[in-house]
Amino acid sequence: MRYTVPRGRLASVFVAAVLTGCATAPADRGLSEVQGLLKARDPTLASAQTALSADPESIDTQMATLMAAPLTADRALSVALLKSPRLRVIYAQLGLAQADWLDASRLSNPVLSFSALESSASGERTRLGYGLVQNFTDLLFLRSRSRIAAHGRDQVEADAAAAIQDLAAEVLSRYYEAVGAAQTAQMRRVIAHAATASADLAQRFKDAGNINALELARERAAAHRAVLEQESAEAEASSAALALNEAMGLSPPLAWTLDPQLALPVDETLSTDALVASALQQRLDLLAKQREIDAIEGALGLARTLRWIPFVEVGLEGEREGDGSRLLGPTVAIEIPLFGKSQSEVLRMQARREQAIAEAEAIRAEVANGVATALTRMQAAQARVQRFREGLIPQSEAVVARMQELQNYMIVGQFELLVAKQEEYEAYAGYLDTLRDYWLARVALQHAVGAALPANGQDGSARIGAIRLPDAAAGGGHSMHTGMHHGASHQSTGDAHAQHDMHPPAKSSSEPTAPPRETDAHAHH
């Protein structure tokens, strides 16, 4: 029996089927979704303008403004978001994910065929045939395939947001390393100056016959050692600056100046359990992995279903007889599972799901251990900073002050005073290194949590003042005390040294005057 269907109705069916599979990609490739993920975790990072959301003229204007002032942590991050090529890589990956989703959300194209048949009998005219075929199985599972591809697209968006967080953490770490290295280099220059001054004084004492050659050799060796440490610190500072330059997406030479100051630790109380719980909710790599698992489970369900559904094609076929009459009707082509359906896709999806679930469990364990480790390191560094501020630094200053008094009464010699001052400078250098370690640990903790820490945005943190080398013109070139403020307006009132200044000790009339002490500096964090 032959069924006939009106041509107009068949055409409407195919047009409706094609339109059902149409999908449109967002103009920004899903960048707004990425910004939404970031905003829920770090509003400051999400609100920063990037090269992908700003026009070229605006980028040039912002870069000129950022480069005009000394580089702070916020400025370094802003520069990276405007110039880093890694953002363009992320944008390209978003485009690829959108393309995959569009492919999965559209029907496969119908196939149009033509035929011309001639009869072997004489006098018969050529019979012309034509047909239009569409994969019906493809149409039946269009929504399922689109949903699976949407999970994959969402996974890429979460990965993109996590990559931006990774970039921010790297830039901030490089920034604190660069600032810490610059401050250490400044301190090492002071120490080398003091050691050189001590060696020069030893030479004069030796010339006057007051010390022997062994004592002079010791002073000279100490001076050379201090100069070597200074040169090493300056090389490390240059390397750290170039590493920061690279992380921001810039090329040499350096077009910026560094603000050589580190803020004091933030006054905050953090709980490991609370941070771990927050990280398990906020970490974007966990979110991306869960979306991957959702996509794999959807693909597994589809693969299981397709095992029992044969390949089906439906179409329209027409034929023109030799006498001019026309035939038109639907066609159906059904796969015959003579050799059975392959289970390879089901096995593949099962294995991928098991792998993704195991990877998610590994990430959760890594998150818990990473948060606990980073918090422990940060708290240990914060405690060491406090010990420096309340213990070693004040006591080192007290030693210098007492040695100065004893030297004024000629109870101890000049060399004993110089040794005490050099030990004081070494305490300063250790203090700066510990403060750098604190900020690096805090950046690592925030990255491990995957979101802004509760105390982010705290205002009024005091900074360590920049260190000044002794001024030779101030009085003979042998003043070796530097001023460095390390008070913090946010410290508790019970902190005995919260507003402690590293004052130069009292000088005798014969000792040169120390250079002026730095003023307080405050910064927003």
Side-chain angles (χ1 to χ4, degrees), residues 29-31 33-42 45-46 86 89-90 92-94 96-101 104 143-170 270-306 343-377 443-454:
R29 300 184 182 181
L31 190 60
E33 299 296 331
V34 175
Q35 293 289 344
L37 292 173
L38 292 174
K39 185 176 181 180
R41 291 158 176 82
D42 191 345
L45 184 60
R86 289 164 59 176
V89 173
I90 293 171
Q93 291 171 343
L94 291 173
L96 293 174
Q98 291 290 341
D100 292 340
W101 172 69
R143 289 187 178 180
S144 297
R145 292 190 297 107
S146 178
R147 185 167 56 251
I148 294 170
H151 285 308
R153 177 202 60 198
D154 295 342
Q155 175 194 349
V156 173
E157 291 173 352
D159 285 332
I164 294 176
Q165 285 187 334
D166 293 343
L167 173 62
E170 180 181 349
L270 301 175
S271 166
T272 301
D273 293 340
L275 290 178
V276 170
S278 176
L280 293 176
Q281 293 292 327
Q282 301 287 351
R283 280 282 290 258
L284 287 168
D285 52 351
L286 266 178
L287 176 62
K289 185 59 63 176
Q290 184 57 53
R291 289 178 174 180
E292 179 185 352
I293 293 173
D294 293 340
I296 292 173
E297 288 181 342
L300 175 59
L302 181 60
R304 285 171 172 168
T305 302
L306 290 175
Q343 297 184 3
S344 61
E345 188 64 19
V346 174
L347 293 175
R348 183 178 296 108
M349 290 298 105
Q350 287 176 337
R352 287 188 57 190
R353 182 183 64 176
E354 294 171 0
Q355 178 183 2
I357 291 175
E359 290 173 347
E361 292 177 355
I363 293 175
R364 291 188 185 95
E366 179 186 350
V367 166
N369 288 286
V371 169
T373 300
L375 180 59
T376 299
R377 289 178 177 174
V443 171
L445 176 60
Q446 179 167 313
H447 190 229
V449 173
L453 296 180

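None of the values given here were measured: they were computed from a predicted structure. The first residue in the sequence is number 1, and the count goes up from there. Computed from heavy atoms alone, side chains included, the values below leave out hydrogens, waters and symmetry copies.
Note that the CD1 atom of Ile357 and the CD atom of Glu297 stand 6.0 Å from one another [nearest 0.5 Å]. Atoms CG and CG, on Leu445 and Leu453 in that order, are 5.0 Å from each other to the nearest 0.5 Å. Within the model, atoms CG of Leu347 and CD of Gln350 stand 5.5 Å from one another, a figure rounded to the nearest 0.5 Å. For the atom pair Ile148 CD1 and Leu300 CG, the distance stands at 9.5 Å (nearest 0.5 Å). Of the inter-residue distances, the one linking Ile164 atom CD1 with Ile90 atom CD1 reads 4.5 Å to the nearest 0.5 angstrom. How far CZ of Arg143 is from CZ of Arg145: 13.0 Å, rounded to the nearest 0.5 Å.
Counting all heavy atoms, side chain and backbone alike, Ala299 lies closest to Met349 at CB-SD, 3.5 Å. Ala295 and His151 make their closest contact through CB-CB, 3.5 Å (heavy atoms, listed as atom of the first residue, atom of the second, distance). Of all non-hydrogen atoms in Val34 and Ala160, the two that sit nearest each other are CG2-CB, 4.0 Å. Nearest heavy-atom pair across Lys289 and Ala356 is CD-O, 3.7 Å. Closest of all the heavy-atom pairs between Glu157 and Leu37 is O-CD1, 3.9 Å.
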Show, in sequence, the C-alpha distance, side-chain angles and deciding distance for Glu345 and Arg348, and conclude whether the salt bridge (charged side-chain N to carboxylate O under 4.0 Å, His left out) test is met. CA-CA 5 Å; Glu345 188 64 19; Arg348 183 178 296 108; 2.6 Å; yes

Evaluation steps, side-chain contact (heavy atoms from CB on, under 4.5 Å), between Leu94 and Arg153: CA-CA 8 Å; Leu94 291 173; Arg153 177 202 60 198; over 6 Å; no

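The side chain to side chain contact (heavy atoms under 4.5 Å, CB included) check on Gln155 picks up Asp159, Ala288, Arg291, Glu292, with sequence neighbours excluded. Residues satisfying the side chain to side chain contact (heavy atoms under 4.5 Å, CB included) criterion with Gln355, sequence neighbours excluded, are Glu359. Not counting sequence neighbours, Glu354 has no partner by the side chain to side chain contact (heavy atoms under 4.5 Å, CB included) test. In this view, Arg283 and Asp285 satisfy the salt bridge (Lys or Arg N to Asp or Glu O under 4.0 Å) rule, not counting sequence neighbours. In terms of the side chain to side chain contact (heavy atoms under 4.5 Å, CB included) criterion, residue partners of Ser144 (sequence neighbours excluded) are, by chain and number, Phe141, Arg147, Leu302.
Panel note: side chain Gln93, backbone Val156; no donor-acceptor pair is recorded below 3.5 Å.
Within a 6.0 Å sphere centred on CZ of Arg353, heavy atoms belonging to other residues, nucleotides or ligands number more than 12. Environment of CZ in Arg352: sparse, with no more than 12 heavy atoms of neighbouring residues, nucleotides or ligands closer than 6.0 Å.
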Can you give me every donor-acceptor pair (side chain of residues 270-282, partner residue at least two apart or in another chain, under 3.5 Å) with its distance?
residue	atom	partner	partner atom	Å
Ser271	OG	Asp273	N	3.4
Ser271	OG	Ala274	N	3.4

